[in-house]
Amino acid sequence: MPCPALPDGFDFTDPDVYHHRVPLPEFAALRRTAPVWWNAQPHGIAGFDDDGYWVVTRHADVKEVSTRPDLYSAALNTSIIRFNEHISRDQIDVQRLIMLNMDPPEHTRVRQIVQRGFTPRAVRSLEAALRGRAAAIVAAARERGSGDFVTDVACELPLQAIAELIGVPQEDRARIFDWSNKMIAYDDPELAITEEVGANSAMELISYAMNLAAARKECPAKDIVSRLVAAEDEGNLASDEFGFFVLLLAVAGNETTRNAISHGMHAFLTHPGQWELYKRERPATAAEEIVRWATPVVSFQRTATRDTELGGARIRAGQRVGIFYASANNDPEVFTDPEVFDITRDPNPHLGFGGGGPHFCLGRSLAALEIDLVFNAVADTLPDIRLEGEPRRLRSAWLNGIKELKVRYG
Ligand code: HEM
């Protein structure tokens with residue numbers, strides 16, 4: 001049914017919308033009037049053989065969908081809410097090799113193995129190395145005087161963190177970074193990365209990771225790769241499974257954290273009171289508010305496994321259900337003054353890392369650590385950082401991305 005508050009043909013996954021803004025007023029209108037709303041689409045435009053999807057906007061409903069994998073599958077149509085009209089069904093199905101697009105019991109098995117690499121202890125063990133990297137990144141930016149905060153600062157630490165996590169030798173990192181960047185840029189024509197280049201980069205990254213896994217299987221070292229591929233007794237990943245896991249890390253851990261950092265910097269620069277507060281008190285609550293404010297992943301999707309009801313809507317088996325974290329994170333039922341950037345917000349039950357349930361972000365504490373380290377380094381070294389222009393946004397159907405943020409470093 002058309003929503004009176006929305007223009008005809010409005011689509012909550014239209015990349016041209018996100019090129020300019022996140023449609024927060026439109027989400028608010030739906031939360032008030034039709035919290036689970038059918039968004040009709042021209043047939044097949046998102047790459048699926050259907051005519052639209054449900055838009056789930058309330059915090060409670062996003063949690064409900066996320067925590068019921070029996071009713072809402074991540075595997076049937078993957079978690080990605082929009083590909084494009086040219087993608088084939090085979091190309092969609094192959095995405096199920098990554099855990100984000102698996103259901104139990106396959107998902108449970110892989111998750112149990114890989115979460116060994118993300119224990120609080122494993123993340124803490126990276127802290128000293130990443131702190132040094134954050135300081136070096138920010139010091140190099142200061143030398144430049146002014147520049148693009150996204151490329152100078154925000155991009156760098158997430159890439160280093162993943163390379164550090166999986167133990168990529170220093171001499172291979174430039175190649176890994178290049179493949180990762182090419183893989184995630186395909187939706188924005190200005191970045192001039194063709195789908196073919198993106199796909200080739202993904203293949204090269206997978207094959208690099210598979211070789212690394214095979215080498216560690218042969219000759220285990222004291223690193224996470226060895227723990228994931230060589231621990232026979234507790235179950236392990238085959239080399240190709242490890243390859244797809246690294247691919248997922250490069251996508252899931254990179255652009256998300258980069259955008260949280262870029263949006264966080266922009267929020268501080270446009271809310272000078274919060275920046276002064278941060279520099280003075282460094283509240284431990286800041287990183288979570290930055291993720292809520294940025295909500296780098298606007299939405300993922302599930303597919304109903306049987307007929308059901310949600311938020312007053314009747315959902316049919318096989319229909320796609322979009323879970324809009326960006327809307328949940330601005331739901332006034334849960335957040336007082338959600339439109340206010342408040343780095344002391346506590347509690348802050350945001351859904352930026354997912355709505356709970358089996359797929360909840362594996363890298364959550366690593367991401368929070370990275371955000372914390374970057375802003376501490378910026379506050380120490382670039383306390384007078386200033387904005388030098390409006391941010392330029394990424395064109396994407398489901399990422400809230402900034403691709404350029406011009407600043408003067410001091
Ligand atoms: C601010 C940064 C980040 C944000 C906003 C973010 C967000 C998310 C979201 C929304 C999900 C899906 C949750 C669901 O479907 O229920 C997810 C899953 C995932 N994230 Fe993150 N993420 C971030 C950083 C990271 C980092 C640094 C890593 C690892 C290096 C990572 C690894 C993963 C993995 C492996 C999954 C899939 C988990 C599964 O399917 O079981 N993420 N993330």
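Along the sequence shown, residues are numbered consecutively beginning with 1. In listed order, ligands and their atoms are each counted from 1. Values reported hereafter were calculated over all heavy atoms of this structure, with side chains retained and with hydrogens, waters and symmetry mates removed.
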**Student:** Compute the ring centroids of Y53 and F48, then answer whether they are less than 6.0 Å apart.
**Tutor:** no

**Student:** Touching ligand 1 at all, P358? Heavy atoms, strictly under 4.0 Å?
**Tutor:** yes

**Student:** Would you check if the distance from the ring center of H271 to the ring center of W293 is below 6.0 Å?
**Tutor:** yes

**Student:** Using a 4.0 Å cut-off to any heavy atom of L100, which atoms of ligand 1 qualify?
**Tutor:** 40 (O)

**Student:** Under 4.0 Å from a heavy atom of P296: give me the atoms of ligand 1 that qualify, with their elements.
**Tutor:** 5 (C)

**Student:** Inspect the surroundings of CD in Q170 and state if more than 12 heavy atoms from other residues, nucleotides or ligands are less than 6.0 Å away.
**Tutor:** yes

**Student:** Kindly confirm or rule out an N or O of T257 lying under 3.5 angstrom from an N or O of ligand 1.
**Tutor:** no

**Student:** Could you check R21, R393, R395 and say which one makes a salt bridge (Lys or Arg N to Asp or Glu O under 4.0 Å) with D16?
**Tutor:** R395

**Student:** For residues R82 and Q301, is any side-chain donor paired with an opposing acceptor at under 3.5 Å?
**Tutor:** no

**Student:** Quick one: does H107 get an N or O within less than 3.5 Å of an N or O on ligand 1?
**Tutor:** yes

**Student:** Hey, does the Lys NZ or Arg CZ of R175 hover above the aromatic six-ring of Y208, less than 6.0 Å from the centre and inside 45° of the axis?
**Tutor:** no

**Student:** Side chain or backbone of R302 under 4.0 Å from ligand 1, or both, or neither, by non-hydrogen atoms?
**Tutor:** side chain

**Student:** Angle between ring planes, F118 versus F245, binned at 30° and 60°: parallel, tilted or perpendicular?
**Tutor:** perpendicular

**Student:** Taking only Lys NZ, Arg NE, NH1 and NH2, and the carboxylate oxygens of Asp or Glu, determine whether E204 and K182 approach each other closer than 4.0 Å.
**Tutor:** no

**Student:** Starting from atom 35 (C) of ligand 1, locate the nearest protein heavy atom and write down its residue, its atom name and how far away it is, to 0.1 Å.
**Tutor:** L248 CD2, 3.6 Å

**Student:** Less than 2.8 Å away from atom 21 (Fe) of ligand 1, how many protein N/O/S atoms can be counted, ignoring water?
**Tutor:** 1

**Student:** Quick check: does R111 get an N/O under 3.5 Å from an N/O on ligand 1?
**Tutor:** yes

**Student:** Does at least one non-hydrogen atom of S79 fall below 4.0 angstrom from an atom of ligand 1?
**Tutor:** no

**Student:** List the closest protein heavy-atom neighbour of atom 7 (C) of ligand 1: residue, atom name, distance to the nearest 0.1 Å.
**Tutor:** G352 O, 3.5 Å

**Student:** Starting from atom 40 (O) of ligand 1, which protein heavy atom do you reach first, and at what distance in Å?
**Tutor:** H359 ND1, 2.7 Å

**Student:** Taking the six-membered ring for Trp, are F353 and Y325 ring centroids under 6.0 Å apart?
**Tutor:** no

**Student:** Report the C-alpha separation of T295 and N329 in whole Å, then their side-chain angles, then the decisive distance to 0.1 Å, and conclude whether the side chain to side chain donor-acceptor pair (under 3.5 Å) test is met.
**Tutor:** CA-CA 8 Å; T295 315; N329 283 348; 3.0 Å; yes

**Student:** Holding to salt bridge (Lys or Arg N to Asp or Glu O under 4.0 Å), I want the full list of residues that pass it with R392, two or more places apart in sequence or in another chain.
**Tutor:** E190, E404

**Student:** To which protein heavy atom is atom 12 (C) of ligand 1 closest, and what is the distance rounded to 0.1 Å?
**Tutor:** F300 CE1, 3.5 Å

**Student:** Should the ring pair H107 and H359 be called parallel, tilted or perpendicular, given that the plane angle runs from 0 to 90° and is split at 30 and 60?
**Tutor:** tilted

